[in-house]
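Here is the structure we will look at, set down as structure tokens.
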Amino acid sequence: MNAIQLDSKGCLKHFLGIEGLKSDLLIKILDTAASLINNKAVKKVPLLRGKTVVNLFFEPSTRTRTTFELAAKRLSADVLNFNINTSSSSKGENLIDMLRNLDAMHCDMFIVRHNAVGAAHFMAQHVAPQISIINAGDGQHEHPTQAMLDMYTIRQYKGDFAPLRVAIVGDIRHSRVARSNIHALRILGVSELRVVGPKTLIPKGIEALGVKVFNNLKSGLRDVDVIIMLRLQRERMQSALLPSANEYFQSYGLTEERLKIAHPEAIVMHPGPINRGVEIDSSVVDGKRSVILQQVSNGIAVRMAIMAITLGTLSEQKESH
Amino acid sequence: MATLSILNGRVIDPASNLDTITNVHIADGKFLAIGTAPDDFTANQEIDATDKIVCPGFVDLSVHIQTIDTITQETRAAAANGITTICCPPDSDPIIDTTAVAELLQHRAEATQMAKVLPLAALTQGLEGTQLAEMGVLKEAGCIGVANVQPIVNTEVLRHALEYAASCELTVFLHPQDPWLGHKGCAHEGAISTRLGLLAIPEAAETIEVARDLLLIEMTGVRAHFCRLSTARAVEMIKAAQAKGLPVTADVSLHQLFLTEQAICDYNSQVHVTPPLRTQNDKAGLRKGLLNGNINAICADHKALKADAKLSPFSMTTTGISALDSLLPLTLRFAEETQNDLITTLGYITHKPAQILGISAGTLTIGSPADVCIFDPNIHWTLNEENMHSSGHNSPFIGWEFKGKVSQTLINGRVVYNCA
């Protein structure tokens, strides 16, 4: 699984998923991101000068695409954006044809978001060998760069992963962020990892990933150090998964009152975009335990680190000094 | 009169429990004698089958014909794999719901003089599950049974369809899948589909539909065959129904006997199938069901696809396996792995499916059409794209090492395939 993302030396060739990666590699990404953030004097570094990065987004996205674009530009890369309407490219051959066309343009990296599970993996299998693929979300499978920025944020506030109790709350079933975070937190060795939500939003067999399932928010939040809230998509209310937004907020919404159940130093995270008053109360979003905006700003440095490590320009840079 | 003798082979006829080294004599397209030929018999042609197995040509319960134009190559591919009769489900393009399509399919197939084609008629018009298809006239036009392949949502329609099929004395071929549970899913619901984030199909999608079907079968008195069971629990339900005396049979596809959901972990689209590959426990239950006789037949469940159909991310690919080329070798491997004797095992792909279809095939009975497969059980070979006879190379078994290969196939006493 995901073996394709590593080259024969165990270095990152593509960044497709957190599953199967070693903790030292995750730490290397976090350390690299830290050095980029600490080096505030230089806003732009030349690590990807002369490289072309293509954003291939088959699903609408503003924030993720923008942070990738910003990250690439701060690494001095040229950036192309393709927003592809999935309805006009639902046939697989188009994906292959599109890849071949882009191959012919001598690009270096594709940032791919697609609604099909394994899409980035599929592209990595079929792309020209000099091109690296970064998964910016494949269906309900993984969103590994989001997980890395979440790990960065957790380390920033909590330091060590080992003693932490972490709860991921909400629509686990449909969330690629949840899956990537579960893998990352297991690899980095947190002491306890919980998923919290109604049975309709907890997929079968999730325990096999090393999590404890809680169907009750209050017991799920007890004594946790980190709370990762997930976005609840409105369409879930139409498919008999939930009765209503109001009921969801009453049962699973994070309020100031419920936050008190967690550890007094607990931080609150959310991958965005936020539905205020649905999964989380406004006062919590804007409250002192919230690190949500910090996640967004960490996202740029973490994505810069991942791009540089994947293209191998980081080590070249060091060697040349 | 065309005459032929197959000499010195190990002749296995599961229907008559025959397994001995002897000769088979054929005259005028039919079996004339096994053992000693009549005094006045002279063979125009002799086949030396020393060290080979001579058995009835195989009967397969499901060869999907994507478009009628592909029938020529697939009947030829079937023949090259010892398969002499194939049953085609109605979900082809065009759908087999009119006599014109049923007849066209059979005419095209007959013209090849290769594997015989028996169409299944649609149970409802356009397989839409609303209006009954013209089952009576479709039967007259050569359809051997009826099937809807897609679930019939409206239980009242399903009930009437089964009642009407019973009146026409047609066997109903049921593909049990609940229309709602696992809708648009592509993997078995469990830890693996959860890890991969794939839309999943729970076990209950099959068992709930089997339960509904069994109750309606009891109510309507129709003879029914369950196609492609994929769960151990469904096998138990069929077993209980058979014990109660319901006229139900079942089959299992070969890939369910050898593969599990583990195979999808690297997104191998070649194992994207309907119903999905399930658990180790299900695989064991299906094998046990076959050995106990609750599952009656093995099915190739063949679907030849163009390469593009599998060249996409997993969930976007077309389901199906090109399976004609692996029917015999995997069946032999099953016998070896389960220590099941050859005569019983060959029964799963000869007289058992023929019985389900109610046809005089899959046996070496004197006077019946001389459809024969002669194979060498000791040849080792590896399946690859070049040695596949089917037009579709969509097989997860490419690269597998097999033992046993077809050397000759006879249809109506005529050698239609000779590997030499």
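Each chain gets a letter, A, B and so on, in the order its sequence line appears, and its residues count up from 1.
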More than 12 heavy atoms of other groups within 6.0 Å of [X] [atom1]:
X: B:His183; atom1: NE2; answer: no
X: B:Arg212; atom1: CZ; answer: yes
X: A:Gln233; atom1: CD; answer: yes
X: B:Glu401; atom1: CD; answer: no

* To do: Heavy-atom pairs under 4.5 Å with chain B are the metric here; pick the option from A:Ala208, A:Ala119, A:Gly17 that has the most.
  => A:Ala119
* Could you tell me whether the side chain of A:His141 reaches within less than 4.5 Å of the side chain of B:Arg195, counting heavy atoms only? => no
* Note, A:Val117 side chain near B:Cys186 side chain (heavy atom, < 4.5 Å) -> no
* **Intermediate values then yes/no, side-chain contact (heavy atoms from CB on, under 4.5 Å), B:His188 and A:Lys204** => CA-CA 10 Å; B:His188 173 68; A:Lys204 215 177 164 189; over 6 Å; no
* Structure fact -> Under 4.5 Å to a heavy atom of chain B? For A:Ile206 that would be both
* Check each atom of A:His174 against the heavy atoms of chain B and say whether the ones under 4.5 Å are side chain, backbone, both or neither. => neither
Could you grab the distance from atom [atom1] of [X] to atom [atom2] of [Y], nearest 0.5 Å is fine?
X: B:Phe314; Y: A:His121; atom1: CZ; atom2: NE2; result: 12.5 Å
X: B:Thr194; Y: A:Ile172; atom1: OG1; atom2: CD1; result: 11.0 Å
X: A:Asn115; Y: B:Ser315; atom1: CG; atom2: OG; result: 7.5 Å

* Could you go through the side-chain contact (heavy atoms from CB on, under 4.5 Å) check for B:Leu199 and A:Gln140 one step at a time? => CA-CA 9 Å; B:Leu199 287 183; A:Gln140 297 167 9; 4.2 Å; yes
* Asked: What closest approach, in Å, do B:Tyr267 and A:Asp138 show between heavy atoms, and which atom pair accounts for it?
  -> OH-OD2, 4.4 Å
* State, to 0.1 Å, how close B:Met316 and A:Ala116 come at their nearest heavy-atom pair, and which atoms those are. => SD-CB, 3.5 Å
* Atom group of B:Ile192 that falls short of 4.5 Å from chain A, counting heavy atoms -> neither
